[in-house]
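Please read these numbers as outputs of a predicted model, since none were measured by experiment. Below, each value reflects all heavy atoms present in this structure, side chains not excepted, and no hydrogens, waters or symmetry copies.
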Amino acid sequence: MLGIWIGKLILWVLRLGGRDATSLPGKVALRISPGLIRHFGRQVKQVIAVTGTNGKTTTTSLLASMVAEREPVVTNHKGANLAQGIATAFLRSSSWTGRLRTITAVLEIDEATLPAVASDLPIGVLVVTNVFRDQLDRYGELDGTLAKLLDGIRKTQATLVLNGDDPLCRYLGLRSARNAVYYGMSRETARSPRREQMRDGQFCLMCGRPLRYDGFWYGQLGLYACEGCDFVRPHPAFQGALEGGFLRFAEEGLPALLLDLPVSGLYNAYNVLAAASAARAIGLPAEAIHAGLRAYQPPEGRMQRFYLEAPVTLHLIKNPTGCDSVLDTVVSDGRHKVLVIGINDLAADGRDVSWLWDADFELLAEDPRLTSVVTTGLRAHDMALRLKYAGLLEAKIRVEPDLGAALHEGLSQSSSTGAVMHALVTYTLLHPAARWLSERRDEHASQGPLYRTSVS
Amino acid sequence: MRRKALCIAHLYPELLNLYADRGNIAVLQRRLEWRGFEVEVVRVTHSETPQFSRYHLVLLGGGSDREQAIVAEKLRACAPEFRSAVQNGLPVLAICGGYQLLGEYYQLPSGEKVPGLGLVDMVTEARPDAPRLIGNIAVWSEEVGVIVGFENHGGRTRHGHRPLGRVLHGHGNDGVSGQEGLRHLNIWGTYVHGPLLPKNPALADAVLRDALGYAHLPEQLEPLNDRLEQEARTAFVSLRMEDVAPMLRTEAELR
Ligand SMILES: [Zn+2]
């Protein structure tokens, strides 16, 4: 196939230039050879796919890391989850003639892309992490996302590994007529909701009556039961419980495993639980699960830390539920802090920024240790307005649309007041922010000794 | 003597929650509180019956087709009370799906007609072959100037009343008439969200003035420091709708 050869060529040229492309080679190759994914799909023996709204990148990387303990795998990194990203992943592992050296692929697949590629890939196991409100302009409304997922699932013969705590995942399991296994947190660890939050699963999708909740984990994940029919949270085959810095992972009839949590937060505990459940579903032993977790490197923006003049933590925010869990983390940091919040409205961020008003920025107004906030990005002004109406004093808000200048401002404010800095940014600002902070770190490290002389 | 509180009802926030109407409520509430008014916000959920005689302003937001059909059914059950309050001047701010609900019916792409409340002479149809009308939008209103925001709707709306304004950029009611929204009695209907009010403080104040008048409270609203709001409008227009910038300048000169 000509497409393969051209795609490999682009990969090779980009690599010579020191760049690691995740989409472009696949994009061009698919334009020349539209059957490319099917061509690769025929050569692999098994594809394990991960889809859902939040956590698919982390879950995919964790799972790929576990499988890689036993055999080499094809996987798409850094969230390149559209058809071109999947094609690029295969191109990277294939020979110039289009032969694959691996027989297993662990792929992250975007919800809207799933129906388009599902029949071309031998998907044996499909993980759905959760279904939250994401980007309305890309998918229309929530019902549209569920319909796309169902459509995609029905084009496979996959065993589904589903988040049983999510009523929308449960609906997929019931409606798809596929074999499904559920994972979930253990019942005792659910909590009552702290404040009124938006939830997508408030009504039963089977009969339309309200869902009753006996407890929540976050968003609509919880102990739900329909008031009108027998739609109820299934008893999970794989159960997780947070214990200290570990996740206790229990499966009926087997001894429980105490798993490392390479990334913190409840939100990520769900990702570890999803990956471990899928690993069990394909028969991986405990050693591979443990070793995979230890080998895992958290990617950019999943609470990445930088030690500069002041300690900086970089977070990705992209929808209300994910953003709320980041805000929880930020306000529970007991130190004085300066925030930089960057909002872009490009296609990959979502062109409609109304979701900012569904996220709980009111939490920041209640945090007495928050010194100031610098807003940045294309929609810096919208973010500033959001904070004003959340109840933050206008004097604490600064608008600086240029990302570099905003990070600089935030850093000098935090270092001069002895505060830490948290940077919260949307998708297209993540790589530029990480690059700016790493360059700053390198400069900082090279100047380090100059500062230290005065200490002795 | 303490003044009575202005009562704002947010109808079915758990069903009509697609476009961050929480933001509209926050703006209405804060802009009254900053001026020393007492405000009561009532969240009316699906298990409760609205008490239209208590409210001074009603906000109806947008939901998915399924949730909108549930709301239509709920509201039809109390349509007579709603209608007579509106005839007496109860202000209603209806956005996107909530706006569509005010009319005779909403026709789904399948051809099925969901009956509306019939508060206004209006119909909305979503044809299966027609694309959704999505994108940034700006509207010129004689009453409040330039209104900016985002629109995302499949339905095309036609009505026999005054529009809210003239489309400067984007699609509006049906993508062809050049009209956006509806003004009738104290009803403000529109497809503009984003949410609607934070970047349109003049519109927020106009709606509040209607509500204060209806509540027999002083309608005088002291000016607020809207620096961030004005900067956000200007930045949004110059970034995403450069063609609207001259109109924004004209408006600033008039102010
Ligand atoms: Zn039910």
Side-chain angles (χ1 to χ4, degrees), chain A residues 133 135-147 196-205 208-211 220 227 320 344-346 350-362 365 375 377-392 394 397-399 401, chain B residues 13-15 17-31 33-34 43 45-47 62-70 73 96-97 132 134-136 149-154 193-199 201 204 225-236 238-240:
Chain A
R133 182 185 308 264
Q135 292 157 356
L136 290 175
D137 52 335
R138 259 171 75 206
Y139 301 143
E141 295 163 357
L142 188 68
D143 296 329
T145 308
L146 280 172
E196 196 59 55
Q197 277 173 324
M198 178 201 65
R199 290 195 183 87
D200 288 327
Q202 240 157 355
F203 289 84
C204 174
L205 287 152
R209 298 280 299 275
L211 287 182
Q220 83 256 6
E227 293 177 357
N344 267 3
D345 64 349
L346 301 176
R351 295 196 188 280
D352 181 3
V353 296
S354 65
W355 66 270
L356 293 178
W357 294 82
D358 279 326
D360 224 352
F361 285 101
E362 278 74 9
T375 68
L378 296 169
R379 304 300 290 269
H381 291 90
D382 288 80
M383 189 60 231
L385 262 194
R386 174 69 187 96
L387 293 172
K388 175 178 173 179
Y389 283 97
L392 203 72
E394 212 173 316
I397 309 168
R398 256 210 57 161
V399 181
Chain B
E14 81 285 21
L15 291 168
N17 62 2
L18 259 188
Y19 299 113
D21 288 302
R22 185 176 154 185
N24 293 322
I25 290 291
V27 170
L28 292 168
Q29 186 171 1
R30 297 272 186 207
R31 294 185 74 81
E33 286 169 355
W34 288 332
R43 292 165 49 91
T45 60
H46 66 275
S47 52
S64 68
D65 287 346
R66 175 170 48 91
E67 287 161 338
Q68 223 160 288
I70 302 176
E73 200 189 313
C96 208
R132 286 184 79 81
I134 304 180
N136 295 312
F150 195 84
E151 64 181 322
N152 182 353
H153 51 108
H193 52 83
L196 173 69
L197 296 179
K199 279 203 294 293
N225 173 6
D226 285 337
R227 181 184 63 88
L228 277 180
E229 286 81 349
Q230 298 304 340
E231 282 176 11
R233 285 162 69 78
T234 312
F236 179 50
S238 67
L239 180 72
R240 295 281 169 244

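- When every heavy atom of E394(A) is checked against every heavy atom of N225(B), the shortest pair comes out as OE2-ND2, 4.1 Å.
- Counting heavy-atom pairs closer than 4.5 Å to chain A, the top-ranked of the candidates Q29(B), H193(B), K199(B) is K199(B).
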List the steps and the verdict of side chain to side chain contact (heavy atoms under 4.5 Å, CB included) for K388(A) and V27(B).
CA-CA 10 Å; K388(A) 175 178 173 179; V27(B) 170; over 6 Å; no

Quick one: do H381(A) and T234(B) satisfy side chain to side chain contact (heavy atoms under 4.5 Å, CB included)? Show the steps, please.
CA-CA 9 Å; H381(A) 291 90; T234(B) 312; over 6 Å; no

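- A pairwise comparison of heavy atoms in P198(B) and L385(A) identifies O-CD1, 3.5 Å as the closest pair.
- Between chain A and the residues G194(B), A26(B), G149(B), the largest count of heavy-atom pairs under 4.5 Å involves G194(B).
- The environment of CD in E33(B) is crowded: more than 12 heavy-atom neighbours from other residues, nucleotides or ligands sit within 6.0 Å.
- In plain terms, the two heavy atoms of P195(B) and S354(A) that are nearest each other are N-CB, 4.0 Å.
- The most heavy-atom pairs under 4.5 Å with chain A, out of P13(B), A20(B), G135(B), come from A20(B).
- For A359(A) against R22(B), the heavy-atom pair with the smallest separation is O-NH2, 3.9 Å.
- With a 4.5 angstrom heavy-atom cutoff, A380(A) does not touch chain B via any of its atoms.
- Neither the backbone nor the side chain of N24(B) comes within less than 4.5 Å of any heavy atom in chain A.
- If you measure heavy-atom distances from L239(B) to chain A, the contacts under 4.5 Å come from the side chain alone.
- Every residue two or more places apart in sequence or in another chain was checked for a salt bridge (Lys or Arg N to Asp or Glu O under 4.0 Å) with E151(B), and none qualifies.
- Evaluation of the salt bridge (Lys or Arg N to Asp or Glu O under 4.0 Å) rule for R379(A) yields D345(A), D382(A) as partners, not counting sequence neighbours.
- The closest side-chain donor-acceptor pair between Y389(A) and R31(B) falls under 3.5 angstrom.
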Quick one: do F203(A) and L15(B) satisfy side chain to side chain contact (heavy atoms under 4.5 Å, CB included)? Show the steps, please.
CA-CA 9 Å; F203(A) 289 84; L15(B) 291 168; 3.2 Å; yes

Decide yes or no on side chain to side chain contact (heavy atoms under 4.5 Å, CB included) for D352(A) and I134(B), but give the supporting numbers first.
CA-CA 10 Å; D352(A) 181 3; I134(B) 304 180; over 6 Å; no

